[in-house]
Amino acid sequence: SMHHQPHEMPNGNFLALTASARTIDNYYTSETDPQAPRKRQSVVGDCVVEFTPEGRIVWSWDAFDHLDVWRFGYRLMEVFWHTRGFPNHLDWTHGNGVSYDPSDDSVIVSLRHQDAVIKIDRATRQIKWILGDHKGWNETLSKKLLTPVGAMRWPYHGHNPRVTEEGTMVMYDNGIIRAIPYDPQVPPAGSFARGVEYAIDAARMEVRQVWSSEALPGEQAVVSWAMGDAHRLPLTGNMLVIDSLCLPAREQLNPRVKLSDLTWHEWLREEWHPSDFPFWVRVRELKHTEAHETVWEIHLDHELELITWEGFSGTRVPSLYPEGMVES
């Protein structure tokens, strides 16, 4: 299974994510009950692969070989892989973005279900740093954690990390759940998404949040269940933020349920889950300032809520037409 991206590298090869499955004895059966009985489980992790345009794999990195399988995040029990060739498999890492950093020949990967972004030395395959919540890492991996400097918020269930020309890292932070098991989950009504930019000092192993599209007072806050993207545009320095799978942008979702009533428990049919409602997409170009003034904005939705919109990613291009073609 090849999924998420692929990302073209300067050498003409491609980076992508693929599934890696293992069977683990005495593994978890609950995300919320630490006393729940254990059993033998089939588990999917992620493998980063570099391959040539002809399809020959020339480099790989398997999460099972470098991370702690006993550290897990919320949504481990998600059914994502059940319909993708791995029936009854748990979703341990759920990689959802990978990119190449030419400044130090490294690979950056986002692991949604670890609530972490990890930088990997391409030559040695060793982890250089981990950006994310500090809870649950073993002694070896704890030494790779970046220390936050100043006011900042960890990303949770984020997507698509990229290195800017200034050397910072921009990513989309869905911001859902905002906890590591077995801490209490933040409900959907408090899980707001954003584009975010971090400055990372690898020598000091420190991270500082330098920009965020965190909502201003008003109606700009969105709850984005999954997907999404953020870029720093090279010519203007503006930020392009794609909010995908957004919940309906009003308090009253239907005559019987409000946003504050939603939970993350998709298996409890007496409760309302975000996926029970039609999603919409918001694309914005924002000034790279503290006030993040909106330069351009569009919403993809349906006025009668008969269609669900999804927008995994996005980019800005000069034209939809090839050079030299006359628009008609």
How far does [atom1] of [X] sit from [atom2] of [Y], to the nearest 0.5 angstrom?
X: I108; Y: L131; atom1: CD1; atom2: CG; result: 9.5 Å
X: R194; Y: M239; atom1: CZ; atom2: CE; result: 11.5 Å
X: N174; Y: M227; atom1: CG; atom2: CE; result: 10.0 Å
X: R204; Y: T147; atom1: CZ; atom2: OG1; result: 11.5 Å
X: D173; Y: Q209; atom1: CG; atom2: CD; result: 8.5 Å
X: L300; Y: T308; atom1: CG; atom2: OG1; result: 12.5 Å

>> Quick one, D133 with R71, criterion salt bridge (Lys or Arg N to Asp or Glu O under 4.0 Å). Give me CA distance, side-chain angles, the key distance, then yes/no.
In response: CA-CA 12 Å; D133 193 311; R71 183 190 189 269; 5.2 Å; no

Between [X] and [Y], is there a donor-acceptor pair closer than 3.5 Å when you use the side chain of the first and the backbone of the second?
X: S99; Y: P161; value: yes
X: Q185; Y: A179; value: no
X: H82; Y: H89; value: yes
X: W264; Y: V186; value: yes
X: E31; Y: P181; value: no
X: W59; Y: R122; value: yes
X: T93; Y: L111; value: no
X: S224; Y: D243; value: no
X: S244; Y: G311; value: yes
X: W280; Y: L247; value: yes

Can you find a pair of side-chain heavy atoms, one from [X] and one from [Y], that are under 4.5 Å apart?
X: F64; Y: W92; answer: yes
X: H113; Y: H157; answer: yes
X: M169; Y: V207; answer: no
X: N13; Y: F51; answer: no
X: R22; Y: D62; answer: yes
X: Y100; Y: D105; answer: yes
X: L146; Y: M205; answer: yes
X: W309; Y: P278; answer: no

> Knowing that exactly one of V98, N11, I57 qualifies, which makes a side-chain contact (heavy atoms from CB on, under 4.5 Å) with E50?
Replying inline: N11

>> Exactly one of L90, T23, I24 should register a side-chain contact (heavy atoms from CB on, under 4.5 Å) with S42. Which one does?
In response: T23

Take a 6.0 Å sphere around [atom1] of [X] and say whether it holds more than 12 heavy atoms from other residues, nucleotides or ligands.
X: R125; atom1: CZ; result: yes
X: R153; atom1: CZ; result: yes
X: K135; atom1: NZ; result: yes

> Please walk me through it: do N26 and K39 pass side chain to side chain contact (heavy atoms under 4.5 Å, CB included)?
Replying inline: CA-CA 5 Å; N26 197 36; K39 70 176 184 179; over 6 Å; no

Should [X] and [Y] be regarded as members of a common hydrophobic cluster, given that ILVMFWY residues are connected when their side-chain heavy atoms come within less than 4.5 Å of each other, either directly or indirectly?
X: F279; Y: F312; result: yes
X: F72; Y: Y74; result: no
X: I200; Y: V170; result: no
X: V241; Y: L233; result: no
X: I177; Y: Y182; result: no

>> According to salt bridge (Lys or Arg N to Asp or Glu O under 4.0 Å), does anything in residues 79-90 pair up with another residue at least two apart or in another chain? List the pairs.
In response: none

Is it the case that [X] and [Y] place a side-chain donor and acceptor less than 3.5 Å from each other?
X: E54; Y: T52; result: yes
X: H94; Y: N96; result: no
X: E271; Y: H273; result: no
X: T140; Y: N138; result: no

For the residue pair [X] and [Y], what are the closest heavy atoms and their distance?
X: I180; Y: D115; answer: CD1-OD2, 3.4 Å
X: W211; Y: L286; answer: CH2-CD1, 3.9 Å
X: Y198; Y: P155; answer: OH-CD, 3.2 Å
X: A199; Y: V210; answer: CB-CG1, 3.8 Å
X: G195; Y: S213; answer: N-OG, 2.7 Å
X: K119; Y: S106; answer: CE-OG, 2.6 Å

>> side chain to side chain contact (heavy atoms under 4.5 Å, CB included), that's the test. Do I127 and L67 meet it? Break it down for me.
In response: CA-CA 9 Å; I127 294 173; L67 298 180; 3.7 Å; yes

>> Side-chain heavy atoms under 4.5 Å apart, restricted to Ile/Leu/Val/Met/Phe/Trp/Tyr: what other residues fall into the cluster of W81, or is it alone?
In response: V44, F80, F86

> Aromatic rings H4 and H159: how do their planes relate, parallel, tilted or perpendicular, breaks at 30° and 60°?
Replying inline: tilted

> Would M152 and R208 satisfy side chain to side chain contact (heavy atoms under 4.5 Å, CB included), going step by step from the backbone distance to the final call?
Replying inline: CA-CA 7 Å; M152 67 167 287; R208 180 170 52 90; over 6 Å; no

>> Looking at D46 and R112, is there a salt bridge between them, counting it only when a charged N and a carboxylate O are closer than 4.0 Å?
In response: no

> Are K128 and D104 close enough for a salt bridge, meaning some N to O gap below 4.0 Å?
Replying inline: yes

> Do Y27 and W70 make the cut of ring centroids closer than 6.0 angstrom?
Replying inline: yes

> Step by step, would you call F192 with V222 a side chain to side chain contact (heavy atoms under 4.5 Å, CB included)?
Replying inline: CA-CA 6 Å; F192 298 110; V222 294; over 6 Å; no

